Asker: 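Just dropping this structure here.
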Amino acid sequence: MDNNLHIYNTLSKTKERFEPIMPPHVGMYVCGPTVYGDAHLGHARPAITFDIVFRYLKYLGYKVRYVRNITDVGHLENDADEGEDKIGKKARLEELEPMEVVKYFTDRYHINMDQLNVLHPSIEPTASGHIIEQIELVKQILDNGYAYESEGSVYFDVEKYSKDYKYGKLSGRKTEDLLKNTRALSGQDEKKNNFDFALWKKTDPKHIMHWPSPWSEGYPGWHLECSAMGAKYLGETFDIHGGGMDLLFPHHESEIAQSNACRGHDPVRYWMHNNMITINGQKMGKSLNNFITLNEFFSGEHSSLDQAYSPMTIRFFILQAHYRSTVDFSNEALKAAEKGMQKLINTVEVIKKLNASEKSSTDISSLKEKFFAAMNDDFNTPIAIAHLFDFSKVINQVNDGKETLSQVDIDRVKSLFDIFVFDILGLRNENVATGGDDTLVDDLMHTILEIRHNAKKNKDWATADSIRDELGKLNISIKDTKDGAEWSRE
RNA sequence: GGUACCGUGGCCGAGUGGCUAGGCAGUGGUCUGCAAAACCAUGUACAGCGGUUCGACUCCGCUCGGUACCUCCA
């Protein structure tokens, strides 16, 4: 696989040429959602970021196994006793089963991802389905002496580990600093050092999901699932591990530590981290209660939203910023993205109708090269999109008769736009109402436009405009072009 | 407090030691019955103060402002 792809590796803090361990295969693991709430903009960012990575690697010819987990263990707490009726014992069926919550939100997450045109990962394992593997990991770490048992729980011994390995190499943290600065948490007295993290936690009454283990009835530590499932499906060392920057510490740092403690080497070659999305300059998060769910964006039903924004607008908005930059949400920015994307989609439609000339008056050969150069530079989608806009202009000029393209060039540019816009960037034309999926509607529209056309011929502007206005109320827009009227759904 | 990162024109957002980013909005024009779309033209941007340099928005230092992580979080 010959490529010039460079990826920014958080571990080395530099862009490195991408060389898979076992070409043409690539293993990629991305931290997925914790399914106890609806997905919000913050979930869309990593999903779309790594969807681009997945799509692009596949386009380059790699056989990618993309693993994205579902976290369904460890964070689910029973808050039913905060409800109004905590006196009477509820019937078994009236209590929400944890797995019911998991199923409900997993389904909703999947629907949102499909709406965003995010490809399904190759494997989507759940933490609860890999308890045995996680227990095995804890055993090995204990055997190797990098963990200790305390009151039925097992903790990772960071101090011991630091004598043989470097804890903090991913996040740039030093154990001395951690010692001074880690905040006090409940249950710290069980640990040797307060920065030691749990590998196995004995059940406390709040946790409703628990499993038997050699140490206690309990549940696995926060960082274990990714170590266990990554190794199981991608091998002890794999190519790419992705996630949000907020997971860098302690989550990914601890994954590295667990892998070394267990197997004596790092688990991952390239660590990739997407940046956060902010709202009014502040990160969105559960604790800040300032997040807008994807469903709210799609429906427009939220006090901060001026209007509804389609899934593709959200996708395009995210792709217009580099994945390692923060991106600030605002209605104005989203509206700009909406119009910009429409322009690009229009171009794809325009290309289909271009008239070929004998010769091309302009050179379109650099499009491919420029687009790939941008993508190869650490997936620089904003630059890639800027190039598409440049060529969009050329195509419109051809359409206006100001430039010409030969049939060969038209075919070439059409095929490139299809690949770039739809296959790699993963956009989708949401306005397509034609295309044979609904011939009745097509026929009806054809008839209506015919009537309007005749009215226009007779200079009966009132009728022509009335048809356009009435259709507009049905969210169908009419455009008069020199080749006749066109219609599209909004 | 510790550790990072960031501060670009009305808005969003790339990038670079000297060469037009791009999108949206605005303004003027072309086209059109009107509208929309499109095209053409149009903006002395890079937080502040010093320093390095022939030359810095880009490198260094300081100041101010902002954000994130250190706790479940994408």
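Every chain is numbered from 1 and lettered A, B, ... according to where its sequence line falls, protein lines coming before strand lines. Source: prediction; values computed, not measured.
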Asker: From the list rG33(B), rA14(B), rC12(B), which nucleotide is the closest neighbour of the side chain of Lys456(A)?
Answerer: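 The answer is rG33(B), which lies nearest to the side chain.
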Asker: Quickly work out the Phe316(A) CZ to rG23(B) P distance and round it to whole Å.
Answerer: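 Rounded to the whole Å, the gap is 10 Å.
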Asker: List every contact pair, protein side and nucleotides 17-21 of chain B side both N or O, where the distance is under 3.5 Å.
Answerer:
none

Asker: In this structure, how many angstroms lie between the P atom of rG33(B) and the NE2 atom of His453(A), rounded?
Answerer: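 Rounded to whole Å, this separation is 13 Å.
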Asker: Looking at Thr34(A), does any N or O in its side chain come under 4.0 Å of the phosphate oxygens OP1/OP2 on rA74(B)?
Answerer: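 Yes, such a contact exists.
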Asker: So among Ile123(A), Asn69(A), Asp239(A), which one has a side-chain contact (heavy atoms from CB on, under 4.5 Å) with Tyr29(A)?
Answerer: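 Single pass found, and it is Asn69(A).
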Asker: Atom CD1 of Ile314(A) and atom C1' of rC12(B): how far apart are they, to the nearest Å?
Answerer: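 Result: 14 Å.
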Asker: Say you pick atom P in rG18(B) and the same atom in rU71(B); how far apart are they, in whole Å?
Answerer: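 To the nearest whole Å, 42 Å.
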Asker: Using a 4.0 Å heavy-atom cut-off across all strands, classify Val350(A) as base, sugar-phosphate, or nothing.
Answerer: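 Contact class for Val350(A): none.
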Asker: Go through rC73(B), rA37(B), rA14(B) for me and flag the one nearest to the Lys339(A) side chain.
Answerer: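 It is rA37(B).
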Asker: Looking only at atom C1', what distance separates rG9(B) and rU27(B), rounded to whole Å?
Answerer: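 Their C1' atoms lie roughly 16 Å apart.
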Asker: If you only use heavy atoms from C-beta on, which nucleotide in rA74(B), rC40(B), rC72(B) is closest to the side chain of Met276(A)?
Answerer: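 Of all the options, the side chain of Met276(A) is nearest to rA74(B).
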Asker: Report yes if a side-chain nitrogen or oxygen of Gln397(A) is closer than 4.0 Å to either non-bridging phosphate oxygen (OP1 or OP2) of rC40(B); otherwise report no.
Answerer: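 Checking rC40(B) against Gln397(A), a side-chain N or O does come within under 4.0 Å of OP1 or OP2.
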Asker: I want to verify a distance call: between rA38(B), rC73(B), rG13(B), whose nearest atom is closest to the Lys343(A) side chain?
Answerer: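 Comparing rA38(B), rC73(B), rG13(B) against the side chain of Lys343(A), the answer is rA38(B).
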Asker: Counting only side-chain nitrogens and oxygens, does Lys13(A) get under 4.0 Å of the OP1 or OP2 atom of rC5(B)?
Answerer: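 Answer is no, no contact under 4.0 Å.
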Asker: Between rC40(B), rA37(B), rA14(B), which one does the side chain of His322(A) approach most closely?
Answerer: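 Closest nucleotide to the His322(A) side chain: rA14(B).
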Asker: Determine, answering yes or no, if Phe389(A) is stacked on rG23(B) under the 5.5 Å centre rule and the 30° plane rule.
Answerer: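 By the stated criterion, Phe389(A) and rG23(B) do not stack.
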Asker: Over how many whole Å does the gap from Asn274(A) atom CG to rU67(B) atom P extend?
Answerer: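 In whole Å, rU67(B) P and Asn274(A) CG are 20 Å from each other.
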Asker: Check if the side chain of Arg324(A) and the base of rC6(B) share a donor-acceptor pair of N or O atoms closer than 3.5 Å.
Answerer: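 Counting by modelled atom types and ignoring angles, no donor-acceptor contact under 3.5 Å is found here.
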Asker: Send over the distance from Phe249(A) CZ to rU3(B) P, rounded to a whole Å.
Answerer: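 In whole Å, rU3(B) P lies 14 Å from Phe249(A) CZ.
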Asker: Starting at atom NE2 of His273(A), determine the distance to atom P of rC73(B), rounded to an integer number of angstrom.
Answerer: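 To the nearest whole Å, that distance equals 12 Å.
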Asker: Looking at Lys335(A) and Glu332(A), is there a salt bridge between them, counting it only when a charged N and a carboxylate O are closer than 4.0 Å?
Answerer: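 Looking at Glu332(A) and Lys335(A), the cut-off is not met.
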Asker: Out of rG33(B), rA74(B), rG23(B), which has the shortest distance to the side chain of His40(A)?
Answerer: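 Looking only at heavy atoms from C-beta outward on His40(A), the closest nucleotide is rA74(B).
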Asker: Any idea which of rA37(B), rA74(B), rG15(B) is nearest the Asn380(A) side chain?
Answerer: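 Of all the options, the side chain of Asn380(A) is nearest to rG15(B).
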Asker: Which residue, Tyr323(A) or Asp400(A), contacts RNA chain B at a nucleotide closer to its 5' end, judged by nearest heavy atom?
Answerer: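 Closest to the 5' end, via its nearest nucleotide, is Tyr323(A).
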Asker: Measuring only the P atom in each nucleotide, how far is rG15(B) from rC6(B)? A whole number of Å is fine.
Answerer: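 After rounding to an integer number of Å, I get 11 Å for this pair.
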Asker: What stem regions, each of at least 3 consecutive Watson-Crick or G-U pairs below 3.5 Å, can be found for RNA chain B?
Answerer: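 Only these stems qualify: B:1-7 with B:64-70, B:10-12 with B:22-24, B:26-30 with B:38-42, B:47-51 with B:59-63.
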Asker: Any carboxylate oxygen within less than 4.0 angstrom of a Lys/Arg side-chain nitrogen, looking at Lys473(A) and Asp469(A)?
Answerer: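 Not counted as a salt bridge, because no side-chain N and carboxylate O are separated by less than 4.0 Å.
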Asker: Could you check which of rA14(B), rC24(B), rA37(B) has an atom nearest any side-chain atom of Ala321(A)?
Answerer: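 Looking only at heavy atoms from C-beta outward on Ala321(A), the closest nucleotide is rA14(B).
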Asker: Quick one: Leu425(A) CG to rG23(B) P, roughly how many Å, whole number?
Answerer: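 These atoms are roughly 16 Å apart.
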Asker: Measuring only the C1' atom in each nucleotide, how far is rG22(B) from rG13(B)? A whole number of Å is fine.
Answerer: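 Looking at atom C1' only, rG22(B) and rG13(B) are 8 Å apart.
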Asker: Look at the side chain of Arg173(A) and decide which nucleotide, out of rC11(B), rG33(B), rG2(B), has an atom nearest to it.
Answerer: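 Output: rG2(B).
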Asker: Of the options rC12(B), rA37(B), rC39(B), whose atoms approach the side-chain atoms of Asn396(A) most closely?
Answerer: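 Looking only at heavy atoms from C-beta outward on Asn396(A), the closest nucleotide is rC39(B).
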Asker: Using heavy atoms to find the nearest nucleotide of RNA chain B for His251(A) and Ala333(A) separately, return the residue whose nucleotide is more 5′.
Answerer: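 Between the two, 5'-proximity favours Ala333(A).
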Asker: Using a strict threshold of under 4.0 Å (side-chain N to carboxylate O), is an ion pair present between Asp51(A) and Arg68(A)?
Answerer: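 No, this pair does not count.
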